[in-house]
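In what follows, a structure is listed as structure tokens, so that the remarks can point back to it.
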Amino acid sequence: MEGKNRVKQVLSAGERPAFGVWQMLPGSNLARTLARSGYDWVLVDCEHGNIDDAAMHESVPAIASYGVSPIVRIPDLHSWMIKRALDAGAHGLLAPLIRTVEDAKSFVEAARFPPQGKRGFGSPFAMDRFGFDLTANQYLEQANANILLAVQIETKEALENVDTIAALDGVDLLFVGPFDLGNGIGFPVQGDAFAPELEQAIRRVMLAAHERNKKTGIFCSNGKQAKHYVELGFDLVNVLTDVGALSASLSAELQVVAPEAPSKKPSGPYGN
């Protein structure tokens, strides 16, 4: 099953970062387009994206059908949301707005089958996202070890508790949300540059994870920003979003044919 989970495979090999793209707009055809663009994973954003439960269930198999890992950012830490995403066949989950080690423990507990957790077994779909030859029982036996669980470090409280969160058994990866983290510690992102204090906080998260043999990821809005964090040592890096790519491409091509047209430079966390 690990061999069918591309993001876990790339992270385990450790030869390069696992690169991803963010899906915020619904649609299985869009999910397929993103999946065949060369990335290792596509994050289906059910927190801030325009993606509900039904759309998530369509995107996850569409992405997995290309051998790319679907990762779902759940809207909140409710156990039923965790269950729905995993039962759809997600290769990984991203938990937003973690504040304490107790938050992270609750997330892990809901995402793992017994004895590591309390996840219920019964989905007729999940195993198919890891290959059509996988049985339900094989999925049950392998899921705890082979599904990526990531917690988002994007609050002041999470940063203060980052060492204990990083040490928690069952958490595979700490993921930096720089925009909310900047807001939380009093250094909001203005334009393309991050304040030195925010950069220091981001580095702190990475070091806390690596000291405990965990992986680190970060959300970036564009390739230039992503390259910076690859060079810093992050293991998993988002390169851009569907909304940001669409907005940038539409604006750039209009400038080619009509230079006098108003130019809108992509900005904000999602490049729109």
Side-chain angles (χ1 to χ4, degrees), residues 11 20 22 24 43-49 51 53 56 71-86 90 92-112 116-119 144 147-190 194-221 229 232 234-238 241 268-270:
L11 290 172
W22 219 259
M24 304 195 72
L43 185 132
V44 181
D45 190 355
C46 297
E47 185 193 18
H48 290 304
I51 300 176
D53 184 81
M56 181 269 291
I71 300 176
V72 175
R73 178 160 74 168
I74 55 177
D76 205 345
L77 297 178
H78 297 298
S79 61
W80 71 266
M81 295 179 180
I82 296 167
K83 177 168 60 178
R84 294 292 288 170
L86 289 174
L93 294 184
L94 178 59
L97 294 173
I98 293 293
R99 290 183 170 84
T100 67
V101 69
E102 287 74 24
D103 289 340
K105 283 181 179 178
S106 295
F107 168 61
V108 171
E109 185 177 75
R112 301 295 193 200
Q116 286 86 4
K118 296 182 178 179
R119 179 186 171 192
N144 281 355
I147 290 174
L148 180 74
L149 295 187
V151 296
Q152 199 152 341
I153 307 299
E154 57 178 347
T155 65
K156 180 181 178 181
E157 297 90 339
L159 183 64
E160 292 170 349
N161 294 304
V162 68
D163 293 311
T164 53
I165 293 171
L168 182 64
D169 187 36
V171 170
D172 300 310
L173 183 144
L174 304 188
F175 189 91
V176 177
F179 291 87
D180 276 332
L181 182 58
N183 290 341
I185 64 174
F187 297 96
V189 176
Q190 303 289 340
F194 293 172
E197 293 84 355
L198 177 55
E199 286 282 4
Q200 185 179 2
I202 291 170
R203 183 175 176 82
R204 179 182 171 187
V205 175
M206 184 187 73
L207 293 175
H210 286 172
E211 286 172 1
R212 291 156 183 82
N213 296 315
K214 302 293 179 70
K215 303 295 185 179
T216 49
I218 189 167
F219 175 90
C220 297
S221 302
Y229 288 106
L232 189 63
F234 275 80
D235 308 291
L236 179 143
V237 179
N238 182 71
T241 71
Y270 303 108

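As a basis for the values below, the full set of heavy atoms in this structure was taken, side chains included, without hydrogen atoms, waters or symmetry mates.
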query = Is there side-chain contact between Val72 and Leu43, with heavy atoms separated by less than 4.5 Å?
reply = no
inquiry  = When you compare the side chain of Asn161 with that of Arg99, does any pair of heavy atoms fall below 4.5 Å?
reply    = no
inquiry  = Using the side-chain contact (heavy atoms from CB on, under 4.5 Å) criterion, which residues pair with Glu197? Sequence neighbours excluded.
reply    = Phe187, Ala195
inquiry  = Could you work out, with side-chain contact (heavy atoms from CB on, under 4.5 Å) as the rule, every residue matching Ala158, not counting sequence neighbours?
reply    = Ile153, Thr155, Ile165
Can you give me the closest heavy-atom contact between [X] and [Y], atom names plus distance?
| X | Y | result |
| --- | --- | --- |
| Ile51 | Asp45 | CB-O, 3.8 Å |
| Ile218 | Pro178 | CG1-CD, 4.3 Å |
| Leu181 | Ala201 | CD2-CB, 4.3 Å |

remark   = Quick note, salt bridge (Lys or Arg N to Asp or Glu O under 4.0 Å) partners involving residues 164-177, not counting sequence neighbours, are Arg112-Asp172
remark   = Residue pairs meeting salt bridge (Lys or Arg N to Asp or Glu O under 4.0 Å), one or both in residues 175-190, sequence neighbours left out, come to none
message = Run the side-chain hydrogen bond (donor to acceptor under 3.5 Å, both in side chains) test against Arg84 and tell me which residues pass, sequence neighbours left out.
response = Asp53
Check [options] against [X] for a side chain to side chain contact (heavy atoms under 4.5 Å, CB included) and give me the one that passes.
| X | options | result |
| --- | --- | --- |
| Cys220 | Thr241, Val176, Val237 | Val237 |
| Val44 | Met56, Arg73, Met24 | Met56 |
| Asp103 | Ile98, Val108, Val151, Leu97 | Ile98 |

Side-chain donor-acceptor pairs of residues 203-211 under 3.5 Å, sequence neighbours excluded:
| unit_1 | atom_1 | unit_2 | atom_2 | d |
| --- | --- | --- | --- | --- |
| Arg204 | NH2 | Leu159 | O | 3.3 |
| His210 | NE2 | Thr216 | OG1 | 3.3 |
| His210 | NE2 | Asp235 | OD2 | 2.8 |

